[in-house]
Amino acid sequence: MPARNPLFEAPPFPVERALKQFGRNLRTARLRRNLSIETVAERIGVGRHVVADAEKGKSSTGIAIYAGLLW
């Protein structure tokens, strides 16, 4: 089994802080539009847990997910 990327486990603090803020901003934008996590997840073709993880700023979230949420 390949080794996990250490950045997923413990990204540098400034990166972690920025991802968490970005996630909060995405959640705020979703709520201002009165959209549920389920609705957003369906629109970008992922499960609700993926959207929730992005809104928490998890470093394992792929850039394609963030791009979909921004769209």
Side-chain angles (χ1 to χ4, degrees):
M1 184 159 91
R4 286 190 48 92
N5 186 328
L7 291 176
F8 288 159
E9 300 299 322
F13 180 71
V15 172
E16 184 177 8
R17 186 175 50 204
L19 284 172
K20 289 192 183 303
Q21 182 60 52
F22 186 46
R24 284 191 297 269
N25 290 345
L26 288 170
R27 182 175 190 276
T28 298
R30 177 180 59 78
L31 292 174
R32 285 184 179 166
R33 289 165 179 78
N34 294 315
L35 297 171
S36 69
I37 286 182
E38 290 81 8
T39 299
V40 172
E42 184 178 312
R43 287 184 182 179
I44 65 170
V46 298
R48 65 176 302 284
H49 68 280
V50 175
V51 175
D53 285 351
E55 289 183 357
K56 291 176 188 170
K58 289 198 171 185
S59 60
S60 59
T61 302
I63 190 70
I65 301 303
Y66 286 120
L69 291 172
L70 288 170
W71 173 72

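Model, not experiment: these values are computed from the prediction.
From Leu35, atom CG reaches atom CZ of Arg43 across 5.0 Å, with rounding to the nearest 0.5 Å. The distance from the CD1 atom of Ile65 to the CG atom of Asp53 is 10.0 Å, given to the nearest 0.5 Å. To the nearest 0.5 Å, atom CD1 of residue Ile44 and atom OH of residue Tyr66 are 11.0 Å apart. Of the inter-residue distances, the one linking Leu69 atom CG with Phe22 atom CZ reads 7.5 Å to the nearest 0.5 angstrom. Here the OG1-CZ distance, from Thr39 to Arg33, works out to 13.5 Å after rounding to the nearest 0.5 Å.
Ion pairing between Arg48 and Glu42 fails under the 4.0 Å rule for side-chain N and carboxylate O.
In this structure, Trp71 is not a member of the same hydrophobic cluster as Val51, with clusters built from ILVMFWY side-chain heavy atoms closer than 4.5 Å. Note on Leu26 and Ile63: separate hydrophobic clusters, where clusters join Ile, Leu, Val, Met, Phe, Trp and Tyr whose side-chain heavy atoms are under 4.5 Å apart, directly or indirectly.
Glu55 is listed as a side-chain neighbour of Arg30, based on a closest heavy-atom distance under 4.5 Å.
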Practice problem: Would you sort out whether Lys58 and Leu19 count as a side-chain contact (heavy atoms from CB on, under 4.5 Å), showing the intermediate values? | Solution: CA-CA 7 Å; Lys58 289 198 171 185; Leu19 284 172; over 6 Å; no

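At most 12 heavy atoms of other shown residues, nucleotides or ligands fall within 6.0 angstrom of atom CZ in Arg27.
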